[in-house]
Student: 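A single structure is presented below for examination.
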Amino acid sequence: MSQIVNKMLALAPPLLVVFLVFINAAVFIPHPVSADLKLGFYQSTCPQAETIVRQLVQKRFNTNKSVTAALLRMHFHDCFIKGCDASILIDSTSQKQSEKAAGPNFTVREFDLIDQIKTALEAACPSRVSCADVIALATRDAVALAGGPNYPLPTGRLDSLTSDVNDVNLPGPTMPVSLAFIQFFEPKGFTISEMVTLLGAHTVGVAHCAFFQDRISNFQGSGKPDPAMDPALAGSLRKTCSASNNPAAFLDQNTSFAVDASFYRELTVKRGVMQIDQELATDPSTSKMVSSLARNESGFRQSFAAAMVKMGSLVGKGGEVRKSCRVFNPKSPVGGGARPPVASPRPPVVKPRPPVQPSPHGPVVSPRPPVSKPRSPVVSRGASPPKSGGKKNVPKKTHKKSSSPRRKGSKKPANGHHSHQKKKPRKGH
């Protein structure tokens with residue numbers, strides 16, 4: 001399918017190029033692709049993950065709008081080595097140099113922002129969100145804040161288990177367009193039109209003078225500026241680069257902090273700063289694409305979003321979810337530090353009562369609490385007894401004869417005996 005679309009691109013009129021690029025990005029499945037990459041990957045395990053990333057990127061963007069260019073560069077330099085696996089974040093050690101130590105990564109920045117985001121995510125959802133997803137999400141949000149497309153981004157990447165300075169190999173600023181495509185983009189599954197679109201990220205980029213010094217003063221040893229560069233731009237850049245500290249210049253001299261198609265419009269009037277950028281407008285294989293993107297803002301937004309999603313789908317095999325983005329997790333005998341499985345929500349635990357141990361003296365019966373009967377109303381001395389309810393507090397009778405006089409109306413026991421004695425039976429008639 002990808003080859004068919006590529007042939008269509010070669011034969012299509014310029015106005016159709018952007019549309020075909022978008023279709024091609026949608027149907028292409030890069031290799032290798034993780035089966036876990038999907039939209040809303042953290043919806044159940046860390047539903048606030050994307051909100052946390054967005055808020056911290058917004059906070060940084062409010063004080064430093066160059067964060068968009070920095071994150072785009074970090075994301076590209078990470079994905080184009082062994083996939084989007086956050087290998088670029090690992091610090092070097094005394095035993096081994098990481099990708100950070102490679103020359104092209106000397107000027108990669110905003111590592112501290114990634115650390116801030118990761119710290120917040122670990123506090124909310126420990127060991128759930130990978131550093132690779134942090135880079136991808138932060139880049140997407142920074143692009144949107146700079147006026148670019150806010151594209152839906154699948155997540156579920158894992159962090160690498162290696163980072164080697166010798167693995168870093170990226171296209172240089174003076175590399176011919178055709179060679180850059182053959183050596184770097186095509187092996188990753190990208191079409192040449194997608195390469196043109198991804199290089200459009202330079203719309204917010206900067207480059208240090210060392211990367212284009214020859215173009216503005218001594219192009220190919222001629223002692224003159226590159227004739228393919230606007231003379232006014234060459235003069236302005238010479239003034240900027242006269243400082244001794246290797247300053248930087250914007251790659252889009254028009255809208256330097258906006259993700260838009262202005263970059264391509266600058267190329268059509270010879271105002272590309274780096275050689276590889278300007279050659280996009282002159283190379284026969286890419287010039288028509290540059291012209292199409294330059295006059296089609298909405299087409300650029302669509303194709304850029306599709307190319308970024310496709311680049312973000314370049315993932316490695318296996319990995320882990322780091323606790324800190326700068327170091328690998330301690331080696332574990334189980335699981336290797338991979339993302340822990342998602343546990344289903346458990347029902348509330350009801351602890352059973354311990355069984356009653358049988359007693360050698362018979363069953364144990366808990367004593368019942370004493371039942372308190374309602375007391376009779378208390379009658380003060382000298383007060384009349386209550387009319388109803390409650391008996392008088394009369395002393396209990398005893399078998400002894402009372403020495404007190406017999407009350408009036410009391411009946412004398414028969415035969416002089418006490419009433420409790422049995423009567424003798426009468427003789428029959």
Side-chain angles (χ1 to χ4, degrees), residues 60-74 76-77 102-111 142-143 145-148 170-177 179-180 196 198-283 286-287 290-291 293-295 297 300 304:
R60 179 60 60 90
F61 183 83
N62 291 344
T63 59
N64 183 7
K65 289 182 172 52
S66 71
V67 67
T68 304
L71 290 174
L72 277 166
R73 189 159 187 250
M74 180 189 291
F76 179 84
H77 283 216
N105 292 333
F106 284 168
T107 53
V108 175
R109 54 192 177 85
E110 293 299 341
F111 294 112
V143 166
L145 288 169
L170 295 165
T174 61
M175 181 174 286
V177 167
L179 190 59
V196 174
L198 285 174
L199 289 176
H202 288 172
T203 185
V204 290
V206 297
H208 289 270
C209 291
F211 290 110
F212 57 85
Q213 187 74 50
D214 290 348
R215 288 200 71 208
I216 62 177
S217 57
N218 188 24
F219 183 65
Q220 296 180 348
S222 65
K224 297 179 180 180
D226 184 355
M229 178 181 281
D230 173 34
L233 175 62
S236 173
L237 292 175
R238 280 196 299 271
K239 184 177 180 180
T240 299
C241 296
S242 61
S244 60
N245 60 344
N246 190 25
F250 290 111
L251 299 179
D252 179 354
Q253 295 280 311
N254 187 25
T255 57
S256 304
F257 293 109
V259 176
D260 57 17
S262 172
F263 169 75
Y264 301 103
R265 291 190 285 272
E266 291 285 282
L267 298 183
T268 61
V269 292
K270 299 183 176 182
R271 291 181 62 82
V273 175
M274 291 200 299
Q275 184 176 336
I276 191 172
D277 291 345
Q278 188 58 57
E279 283 191 5
L280 292 174
T282 58
D283 190 286
T286 56
S287 59
V290 170
S291 298
L293 291 169
R295 59 176 177 261
E297 189 72 41
F300 163 71
F304 187 75

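Here the structure is a predicted model, which means the values were calculated and not measured.
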Student: When rounded to the nearest 0.5 angstrom, what is the spacing between CG in D230 and CZ in R271?
Tutor: 5.5 Å

Student: Side chains of V273 and L237: does their closest heavy-atom pair fall under 4.5 Å?
Tutor: yes

Student: Any ion pair linking R215 and D226 (charged N to carboxylate O, less than 4.0 Å)?
Tutor: yes

Student: Over all heavy atoms of both residues, which pair between A249 and F212 is shortest? Give the atoms and the distance, please.
Tutor: CB-CZ, 3.9 Å

Student: Could you tell me the separation between the OG1 atom of T240 and the CZ atom of F250, rounded to the nearest 0.5 Å?
Tutor: 10.0 Å

Student: Can you list the steps and then say if Y264 with R295 is a side chain to side chain contact (heavy atoms under 4.5 Å, CB included)?
Tutor: CA-CA 9 Å; Y264 301 103; R295 59 176 177 261; over 6 Å; no

Student: Is the side chain of T68 donor-acceptor paired with the backbone N or O of V143 at a distance under 3.5 Å, no angle test?
Tutor: no

Student: Provide the closest heavy-atom pair for R60 versus V67 in the form atom of the first, atom of the second, distance.
Tutor: CG-CG2, 3.8 Å

Student: With distance as the sole test, does S222 use its side chain to make a donor-acceptor pair with the main-chain N or O of F219 at under 3.5 Å?
Tutor: yes

Student: Is the side chain of Q278 donor-acceptor paired with the backbone N or O of L267 at a distance under 3.5 Å, no angle test?
Tutor: yes

Student: Check the pair E110 / N64 against side chain to side chain contact (heavy atoms under 4.5 Å, CB included), numbers first and verdict last.
Tutor: CA-CA 11 Å; E110 293 299 341; N64 183 7; 3.8 Å; yes

Student: Does V206 form a side chain to side chain contact (heavy atoms under 4.5 Å, CB included) with S66? I'd like the steps, not just the answer.
Tutor: CA-CA 9 Å; V206 297; S66 71; over 6 Å; no

Student: Measure the CG-NZ distance between L233 and K270 for me, rounded to the nearest 0.5 Å.
Tutor: 12.0 Å

Student: Checking F257 against L145 for the side chain to side chain contact (heavy atoms under 4.5 Å, CB included) test, could you report, in this order, the C-alpha distance in whole Å, the side-chain angles of both residues, the deciding distance, and whether it holds?
Tutor: CA-CA 10 Å; F257 293 109; L145 288 169; over 6 Å; no

Student: P173 and F211: which non-hydrogen atoms are nearest, and at how many Å?
Tutor: CG-CD2, 3.5 Å

Student: Do T203 side-chain atoms and A261 backbone N/O form a donor-acceptor pair below 3.5 Å?
Tutor: no

Student: Enter the distance from M229:CE to I216:CD1 here, rounded to the nearest 0.5 Å.
Tutor: 7.0 Å

Student: Which atoms form the tightest heavy-atom contact between E279 and T286, and what is the distance?
Tutor: O-OG1, 3.9 Å

Student: Could you check whether any side-chain heavy atom of T107 comes within less than 4.5 Å of a side-chain heavy atom of R73, counting everything from C-beta outward?
Tutor: yes

Student: Between D252 and F263, what is the shortest heavy-atom contact and its length?
Tutor: OD2-N, 3.5 Å

Student: List the atom of L199, the atom of L280, and the distance in Å for their closest heavy-atom pair.
Tutor: CD1-CD1, 3.8 Å

Student: Taking N246 for its side chain and A210 for its backbone only, find out whether a donor-acceptor pair lies under 3.5 Å.
Tutor: yes

Student: Can you tell me how far the OG1 atom of T255 sits from the CZ atom of R265, to the nearest 0.5 Å?
Tutor: 7.0 Å

